[in-house]
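FYI, the numbering just counts along the sequence from 1. Since this is a predicted model, take the numbers as computed values, not measurements.
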Amino acid sequence: QVQLVESGGGLVQPGGSLRLSCAASGSTLDYYAIGWFRQAPGKEREGVSCISSSDGYTYYADSVKGRFTISRDNAKNTVDLQMNSLKPEDTAVYYCATYPTLKRLCLYAVREYDYWGQGTQVTVSS
């Protein structure tokens with residue numbers, strides 16, 4: 001069993017930055033891929049980024065590539081998402097999620113993930 005808690009959301013102006021953090025308990029993240037997802041009102045939940053258990057592979061959705069950076073610190077059992085140059089279109093509830101794997105790749109489909117956090121609201125508005 002893994003429990004995940006997101007933090008760091010809030011209200012920012014367009015062009016601003018936020019750093020989201022996902023803290024895990026119940027297990028270390030050594031053998032887990034971690035993904036960040038978001039869901040805006042009226043839209044389906046979509047994959048934003050993921051990182052493999054070995055740090056050897058990362059994925060970014062085209063909409064955030066070059067602006068967002070995912071990182072993990074297995075010693076602290078945390079995964080961060082640094083979000084820069086934020087746009088109003090980034091407004092959503094952001095979730096972190098995880099699934100166990102020994103592979104060097106991470107998957108980015110919602111159906112692949114076993115454990116989910118409660119989500120944190122990110123609002124980008126002038």
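For the residue pair T78 and S21, the shortest heavy atom distance occurs at CB-OG, 4.4 Å. Scanning all heavy atoms of the two residues, the minimum distance from Y113 to A33 falls at CE2-O, 4.2 Å. Shown here for Y99 and L105, the closest heavy-atom pair between the two residues is OH-O, 4.0 Å. When all heavy atoms of L18 and L86 are compared, the closest pair comes out as N-CD1, 3.9 Å. Residues L107 and C50 approach most closely at O-SG, 3.6 Å, considering heavy atoms. Nearest heavy-atom pair, S126 versus P14, reported as atom, atom and distance to 0.1 Å: N-CD, 3.7 Å.
One N or O on the side chain of N77 and one on the backbone of S27 form a donor-acceptor pair closer than 3.5 Å. Between the T123 side chain and the L11 main chain, no donor and acceptor come within less than 3.5 Å of each other. Using modelled atom types, one side-chain atom of R72 and one backbone atom of S52 make a donor-acceptor pair closer than 3.5 Å.
At a threshold of 4.5 Å between non-hydrogen side-chain atoms, the residues R38 and T91 do not count as touching. Contact check for W116 versus L4: no side-chain heavy atoms found under the 4.5 Å cut-off. At a threshold of 4.5 Å between non-hydrogen side-chain atoms, the residues T69 and Y60 count as touching. Looking at heavy atoms from C-beta onward, Y57 lies in side-chain contact with C106 at the 4.5 angstrom threshold. Counting heavy atoms from C-beta outward, L20 and V122 have side chains that approach closer than 4.5 Å. A heavy-atom distance below 4.5 Å is found between the side chains of W36 and E6. Using a 4.5 Å heavy-atom cutoff, the side chains of V64 and S49 are not in contact.
At a cut-off of 3.5 Å, with distance as the only test, no side-chain donor of Q82 or D80 sits close to an acceptor on the other residue.
With values rounded to the nearest 0.5 angstrom, T98 atom OG1 is found 12.0 Å from Q3 atom CD.
Around OH of Y59, the count of heavy atoms belonging to other residues, nucleotides or ligands within 6.0 Å exceeds 12.
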Problem set entry | Test salt bridge (charged side-chain N to carboxylate O under 4.0 Å, His left out) applied to K87 and D90, step by step | CA-CA 5 Å; K87 306 174 181 179; D90 296 318; over 6 Å; no
